[in-house]
S.K.: 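Take a look at this one; I'll ask things after.
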Amino acid sequence: MTDQGVREELREQHCYEWVADCPLRAATDLFAHTWDPVILAALRAGPQRRRALRAAIGGISDKALTDALRRLLANGLVRRRAHAEAPPRVEYALSDLGRSLVEGPMAALGQWIEEHGDALLEAQERHAG
């Protein structure tokens, strides 16, 4: 393999350039939207209808919920199930990929927050003051 080929392979493996198809960038983008992790956490309890999901979260607008669910569906983190009944009923649930995110990195982040959340807030207050 040429030196150029080796550099290109390393660049792809490690995402030295923050290109759109970089897996690390795609993963960090999952936390770029305020409501996405909140919705994922809310769905951890099991499938929910849209109205129940919105009530469980609190403070989220209908538009923000719609946009977030579309993003999460597009990323394969949530699945949508429409039941063939009248009136129509739709439920949202974590996909296997979504569950792996919630039970893995998000659980680890939650543990970190429990241990260091107060220190984080104190540092933010010191900086703001």
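All residue numbers in this chain count up from 1 along the given sequence. Bear in mind that the values here come from a model prediction, so they are computed numbers and not experimental data.
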S.K.: Identify the two heavy atoms, one from Leu97 and one from Asn75, that lie closest to each other, and give their separation to 0.1 Å.
M.R.: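 Distance-wise, the nearest heavy atoms are CD2-O, 3.7 Å.
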S.K.: Kindly give the heavy-atom pair with the smallest separation between Gln48 and Ala56, and that separation in Å.
M.R.: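 Between these two residues, the closest heavy atoms are OE1-CB, 4.2 Å.
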S.K.: Does the pair Leu40 and Leu30 meet the rule for a side-chain contact (heavy atoms from CB on, under 4.5 Å), with working shown?
M.R.: CA-CA 10 Å; Leu40 291 171; Leu30 298 174; over 6 Å; no
S.K.: Using atom types as modelled and distance alone, determine if a side-chain donor or acceptor of Ser95 lies under 3.5 Å from a backbone N or O of Gly76.
M.R.: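 The answer is yes, because a donor-acceptor pair under 3.5 Å joins these two groups.
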S.K.: Between Gly59 and Trp35, what is the shortest heavy-atom contact and its length?
M.R.: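 For Gly59 versus Trp35, the nearest heavy atoms are O-CZ2, 3.5 Å.
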S.K.: Closer than 4.0 angstrom, basic N to acidic O: yes or no for Arg71 and Asp67?
M.R.: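 Here Arg71 does not pair with Asp67 in a salt bridge, since their nearest N and O are not under 4.0 Å apart.
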S.K.: Hydrophobic clustering (ILVMFWY, side-chain heavy atoms < 4.5 Å, transitive) - are Leu109 and Leu43 grouped together?
M.R.: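 Different clusters.
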S.K.: Verify side-chain contact (heavy atoms from CB on, under 4.5 Å) between Leu77 and Leu94, making sure each step is shown before the conclusion.
M.R.: CA-CA 6 Å; Leu77 300 172; Leu94 291 175; 5.9 Å; no
S.K.: Using a 6.0 Å cut-off, check whether atom CG of Asp62 has over 12 heavy atoms from anything other than its own residue.
M.R.: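 More than 12 within 6.0 Å, yes.
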S.K.: Would you say that more than 12 heavy atoms from the other residues, nucleotides or ligands in this model lie under 6.0 Å from the CZ of Arg70, or not?
M.R.: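 Not buried by this count: 12 neighbours or fewer within 6.0 Å.
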S.K.: Give, for atom NE2 of His83 and atom CZ of Arg49, the distance between the pair rounded to the nearest 0.5 Å.
M.R.: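 So the gap between those two atoms works out to 8.0 Å.
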S.K.: Which of these passes side chain to side chain contact (heavy atoms under 4.5 Å, CB included) with Tyr92: Ile39, Leu65, Leu73?
M.R.: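 Only one option passes, and that is Leu73.
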S.K.: For the residue pair Glu91 and Pro47, what are the closest heavy atoms and their distance?
M.R.: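 What the structure gives for the nearest pair is OE1-CB, 4.0 Å.
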S.K.: Quick one, Arg80 and Val90 - any side-chain contact, counting heavy atoms below 4.5 Å?
M.R.: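 A side-chain contact under 4.5 Å exists here.
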S.K.: The test is side-chain contact (heavy atoms from CB on, under 4.5 Å); show your working for His127 and Glu125 and say whether it passes.
M.R.: CA-CA 5 Å; His127 182 72; Glu125 287 175 9; over 6 Å; no
S.K.: Is any side-chain heavy atom of Ser100 closer than 4.5 Å to a side-chain heavy atom of Asp96?
M.R.: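 Side chain of Ser100 against side chain of Asp96, heavy atoms only: no contact under 4.5 Å found.
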S.K.: Please check if the side chain of Arg44 supplies one atom and the backbone of Val102 the other of a donor-acceptor pair under 3.5 Å.
M.R.: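 The answer is no, because no donor-acceptor pair under 3.5 Å joins these two groups.
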S.K.: Decide yes or no for Pro37 and Met106: does some side-chain heavy atom of the first lie under 4.5 Å from some side-chain heavy atom of the second?
M.R.: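 Yes, side chains in contact.
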S.K.: Would Val38 end up clustered with Leu120 when hydrophobic side chains under 4.5 Å apart are linked, directly or stepwise?
M.R.: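 No, separate clusters.
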S.K.: Output the distance between atom CG (Leu72) and atom CG (Asp36), rounded to the nearest 0.5 Å.
M.R.: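 Separation between the atoms: 4.5 Å.
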